[in-house]
Amino acid sequence: MPELPEVETVRRGLEPAMTGRRLTRVVARRPDLRFPLPDGFGQRLTGRRIKSVERRAKFLLLPLDNDDVLIAHLGMSGSFRLSPASFATEKHDHVIFCLDDGGEIHFNDPRRFGFMDLCPASDLAGHPMLAKLGPEPLSDAFDGAALAAGLKGKKTSIKAALLDQRVVAGVGNIYACEALFRAGLSPRRSAHTVQGGRAAKVAQAIKAVLGEAIRSGGSSLRDHIRPDGELGYFQHAFDVYGKTGQPCPGCDCADGIRQIVQSGRSTFYCPRRQR
DNA sequence: AACAAGACCTGCATGC
DNA sequence: TGCATGCAGGTCTTGT
């Protein structure tokens, strides 16, 4: 489900509602998501004040006033909903956060690929899910040189490499396809051949497409909804994702957008425009 | 060590 | 209508 722009949209939705608020009650309606919730999850959160709502790659990070950090990942189908938008408890509402201003936030995740954990702030960098993450794509630290360094020696395809969170953190299947289209590079190209100017072009394309998607509130395909219940609309701006057989927006080739499978994931591209 | 495939789950669209 | 199949925005684990 959510890639970096969707998670950032969620972060921006939660931030005004949660920052500075105290958690009066946290209910885990089942003991596990993808992994078991940490022992005493609800108790450890109850009474804590949320210092801020942050994001690293596709992870939401909520530092608390006891120096624990709540780590949350949306998996493929996770979403947060804020009161007062539709406040019955719904199917797959697995975790409920009650705030000291009367607000309520429900975490819903039908497929349960998401997870939550609590980690002392001092250990955060070493958390198993965060420790190996590569550069944040919208940061100044990420540029052509950084990407080229990450791709050096990689035998896999550039598409698969962009999904490797150690190379660049936060890109997923949609935006990998879209960025490669914008950069004019075939998703089948060997990752190690993307150096120099090509790497600069891909890095720039990643920044551009992620930035535009964030400004659109992310992409709402199946599961992504914003905390306020609104939909993102970047899906209308896709050039290739899900466009199998449709004309390529960049050239007049007859066959249109092709769909292939790489590392078990669908890839969409224009074989003529992307080399 | 690096890579591709499998696994984890539910819901939905499709086709018979 | 019912059932089987395949697919979905992620990432850990397994096997080569």
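Chain letters run A, B, ... following the sequence lines, proteins first, then strands; residues in each count from 1. Note that the structure is a prediction, hence the values are computed from the model and not measured.
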Charged N-O contact under 4.0 Å between [X] and [Y]:
{"X": "R11(A)", "Y": "E8(A)", "value": "yes"}
{"X": "D164(A)", "Y": "K132(A)", "value": "no"}
{"X": "R22(A)", "Y": "D65(A)", "value": "yes"}
{"X": "R44(A)", "Y": "D68(A)", "value": "yes"}

Write down the distance between [atom1] ([X]) and [atom2] ([N]), rounded to a whole number of angstrom.
{"X": "Q165(A)", "N": "dC3(B)", "atom1": "CD", "atom2": "C1'", "value": "16 Å"}
{"X": "F35(A)", "N": "dC12(C)", "atom1": "CZ", "atom2": "P", "value": "7 Å"}
{"X": "L4(A)", "N": "dT11(C)", "atom1": "CG", "atom2": "C1'", "value": "16 Å"}
{"X": "R265(A)", "N": "dA8(C)", "atom1": "CZ", "atom2": "C1'", "value": "9 Å"}
{"X": "N173(A)", "N": "dT11(C)", "atom1": "CG", "atom2": "P", "value": "11 Å"}
{"X": "E3(A)", "N": "dT11(C)", "atom1": "CD", "atom2": "P", "value": "9 Å"}
{"X": "D164(A)", "N": "dA1(B)", "atom1": "CG", "atom2": "C1'", "value": "13 Å"}
{"X": "Q235(A)", "N": "dA8(C)", "atom1": "CD", "atom2": "P", "value": "17 Å"}

Legend entry - K154(A) vs dA2(B): side-chain N/O to OP1/OP2 distance below 4.0 Å: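 Indeed not, no polar side-chain atom of K154(A) lies that close.
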Indicate, with yes or no, if [Y] and [X] share a hydrophobic cluster defined by side-chain heavy-atom contacts under 4.5 Å among Ile, Leu, Val, Met, Phe, Trp and Tyr.
{"X": "F59(A)", "Y": "L4(A)", "value": "no"}
{"X": "M129(A)", "Y": "L62(A)", "value": "no"}
{"X": "L210(A)", "Y": "V240(A)", "value": "yes"}

Inset, instruction - Decide yes or no for L147(A) and F142(A): does some side-chain heavy atom of the first lie under 4.5 Å from some side-chain heavy atom of the second? - result: yes
Inset, instruction - Whenever both distances are under 3.5 Å in a Watson-Crick or G-U wobble pair, mark it; put DNA chain C into dot-bracket that way, with [ ] for crossing pairs and | when the partner is on another strand. - result: .|||||||.|||||||
Inset, instruction - Would you indicate what S266(A) reaches in the nucleic acid, counting non-hydrogen atoms under 4.0 angstrom: base, sugar-phosphate, or nothing? - result: sugar-phosphate
Legend entry - Rounded P spacing from dC9(B) to dC3(C) in Å: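 That atom pair is separated by 24 Å.
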Legend entry - Rounded distance in Å between the P positions of dG6(C) and dG6(B):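 Rounded to whole Å, the distance is 13 Å.
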Inset, instruction - On the 0 to 90° scale, with breaks at 30° and 60°, tag the F97(A)-F41(A) ring pair as parallel, tilted or perpendicular. - result: perpendicular
Inset, instruction - Heavy atoms under 4.0 Å is the rule here; annotate nucleotides 4-11 of chain B 5' to 3' with B where the base is hit, S where only the sugar-phosphate is, and - elsewhere. - result: S---BBBS
